[in-house]
Amino acid sequence: MTKMDKETLVAEIVKLKTELNAVILAHYYQLPEIQDVADILGDSLALSRRAAKTEADIIVFCGVNFMAETAAIVSPDKKVLIPQKNVGCYLADTITVDKLLEFKKKHPRAEVICYVNTTAAIKAESDICCTSSNSIKVVNSISPEKEIIFIPDKNLCDYTSKETNRDLICFQGACDTHTDIKIYDIEKILKNHPKAKIMAHPECNSDVLEIADYVGSTTGMLKYAKSSLEKEFIVATEIGIIHQLKQDNPDKEFYPLEEAICPTMKLITLESLYRCLKEQKYEVKVDEAIAQKARGAIERMLEI
Ligand code: 13P
C-alpha cells in the first residue's frame with residue numbers, strides 16, 4: 001500500500017465503511033485518531049449494548065479481543081472485524097477455564113459473575129457478566145443468600161464487595177496498566193495541582209481508590225468531569241481517555257498518569273483500520289457452542 005496522509009486515510013475509511021454498511025465501534029482507550037473516526041465511542045457496557053442493537057452488516061471493533069468477541073456473541077448474524085490480530089488483554093489472560101472450574105468445584109452452589117474482560121470460553125462457564133459500570137447492580141441482582149464468585153479482577157471485586165456490603169469470592173487477577181498506578185505518582189501530581197480532584201477506575205489498587213474523589217468506569221469519569229464545577233482532575237486510568245475528556249471540557253485541565261498505557265489498545269492505527277475495511281479482515285469468530293453459553297451470561301447482564 002502506498003503511504004497515504006492522515007486526511008486521505010480518514011476519507012477512505014469513511015468511504016469504505018459507507019459502502020460496506022459497516023459501523024466502527026471504539027473504546028476510549030484507543031488512539032485519538034481512531035476515536036475521532038469511530039461512529040460509536042463508549043465504555044465496555046455501552047459498546048456491548050450498541051453491538052447488540054446495530055443495524056449495520058459489519059461491526060469493526062477498535063478495542064481488544066474480548067470486546068470484539070462480545071460483539072460477535074451478541075450479534076451472531078453480523079460480520080465482526082478487528083483491525084489487528086492478537087489484541088490481547090493482560091487481565092483476561094489471568095484466568096483459564098481450568099482455574100475457573102477448580103474455583104467452581106470448591107464453591108458448587110455459587111453464582112459466577114465474570115467481568116467482561118474475559119474470553120468467550122470463560123463467559124460460557126459463568127452465570128452473568130458485568131462491567132465496571134454495572135458490577136454493583138449485577139451483584140445486587142443476585143439473591144443475598146447466594147454465594148458469589150467474582151472473576152477475574154481482584155480490585156473490582158473488592159470494590160464491588162465494599163459497595164454492596166456482600167462477601168464475594170474474588171479471583172486474584174489484575175490489570176497491570178491499572179495496578180501500576182501508584183499513590184506516589186498521584187501525590188507527585190497533587191503537589192503541583194493541589195486542587196485537582198482524583199478520578200480512578202475500579203481496577204486500580206485499593207489504596208488509590210481510597211484517596212479518589214470519584215471511582216467509576218470510563219463513561220462514569222466522563223460524566224463526573226463534565227458535571228463537576230471543579231476545573232482540574234487527575235485521571236487514574238488508561239491515558240486514552242484524556243482525548244475525550246479534553247474534547248468534552250475544553251475549559252478544564254486533566255492530568256494523566258503518563259505511564260498508564262495499555263499496549264494492546266494502542267496497536268490499532270488508521271492504517272490498520274483502513275486495511276481492515278479494504279480487505280475485510282481480521283474476522284472475529286466464536287465457536288457456536290461456546291457463543292451460545294456465553295450469550296446467556298451477557299444477555300442476563302444487558303437485561304439489568
Ligand atoms: P470500562 O468499561 O470502564 O470502559 O473499562 C474497560 C477496561 O477494559 C478497563 O481496563
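In each ligand, atom 1 is the first atom listed, and ligand 1 is the first ligand listed.
- For ligand 1 and Glu203, the ligand atoms under 4.0 Å from any heavy atom of the residue are 7 (C), 9 (C), 10 (O).
- Between Gln244 and Met221, every side-chain heavy-atom pair lies at or beyond the 4.5 Å cut-off.
- With hydrogens left out, the protein atom closest to atom 8 (O) of ligand 1 is Asn117 ND2, 3.1 Å, a heavy atom.
- Annotation: disulfide bond (SG atoms under 2.5 Å apart) contacts involving residues 109-157, sequence neighbours excluded, comprise Cys157-Cys170.
- With respect to atom 6 (C) of ligand 1, the closest heavy atom belonging to the protein is Ser44 OG, 3.3 Å.
- Within the 4.0 Å heavy-atom shell around ligand 1 one finds Ser132.
- Considering Asn140, Val139, Asn134 as possible partners of Ile136, the one that fulfils the side chain to side chain contact (heavy atoms under 4.5 Å, CB included) test is Asn140.
- Taking every heavy atom of His178 and a limit of under 4.0 angstrom, the matching atoms of ligand 1 come to 10 (O).
- The heavy atom nearest to atom 4 (O) of ligand 1, considering only Thr218, Leu91, Leu222, is found in Thr218.
- Checked by distance only, ligand 1 and Thr131 stay at 3.5 Å or farther apart across all their nitrogen or oxygen atoms.
- A donor-acceptor pair shorter than 3.5 Å cannot be found between the side chains of Ser228 and Tyr214.
- Inspection of the Tyr115 and Glu203 side chains reveals an N or O donor paired with an N or O acceptor under 3.5 Å.
- Contact annotation for Tyr28 and ligand 1: no heavy atom of the residue comes within less than 4.0 Å of the ligand.
- Neither the backbone nor the side chain of Glu238 comes within contact range of ligand 1; no heavy atom lies under 4.0 Å.
- For ligand 1, the polar-atom distance check against Ser217 finds no nitrogen or oxygen pair separated by under 3.5 Å.
- Between His201 and ligand 1, at least one pair of N/O atoms sits closer than 3.5 Å.
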### Query
Passes side chain to side chain contact (heavy atoms under 4.5 Å, CB included), Leu277 versus Leu81? Steps please.
CA-CA 8 Å; Leu277 285 158; Leu81 301 173; 5.5 Å; no
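- Those atoms of ligand 1 with a heavy atom of Asp43 less than 4.0 angstrom away are 1 (P), 2 (O), 4 (O).
- Looking at Thr219 against ligand 1, nothing comes within 4.0 Å, counting heavy atoms.
- Judged as a salt bridge (charged side-chain N to carboxylate O under 4.0 Å, His left out), the pairs with a partner in residues 219-231 (not counting sequence neighbours) are, in order, Lys231-Asp251.
- A donor-acceptor contact under 3.5 angstrom links the side chains of Ser217 and Asp43, judged on distance only.
- The contact set between ligand 1 and His27, taken as ligand atoms under 4.0 Å from a residue heavy atom, comprises 1 (P), 4 (O), 5 (O), 6 (C).
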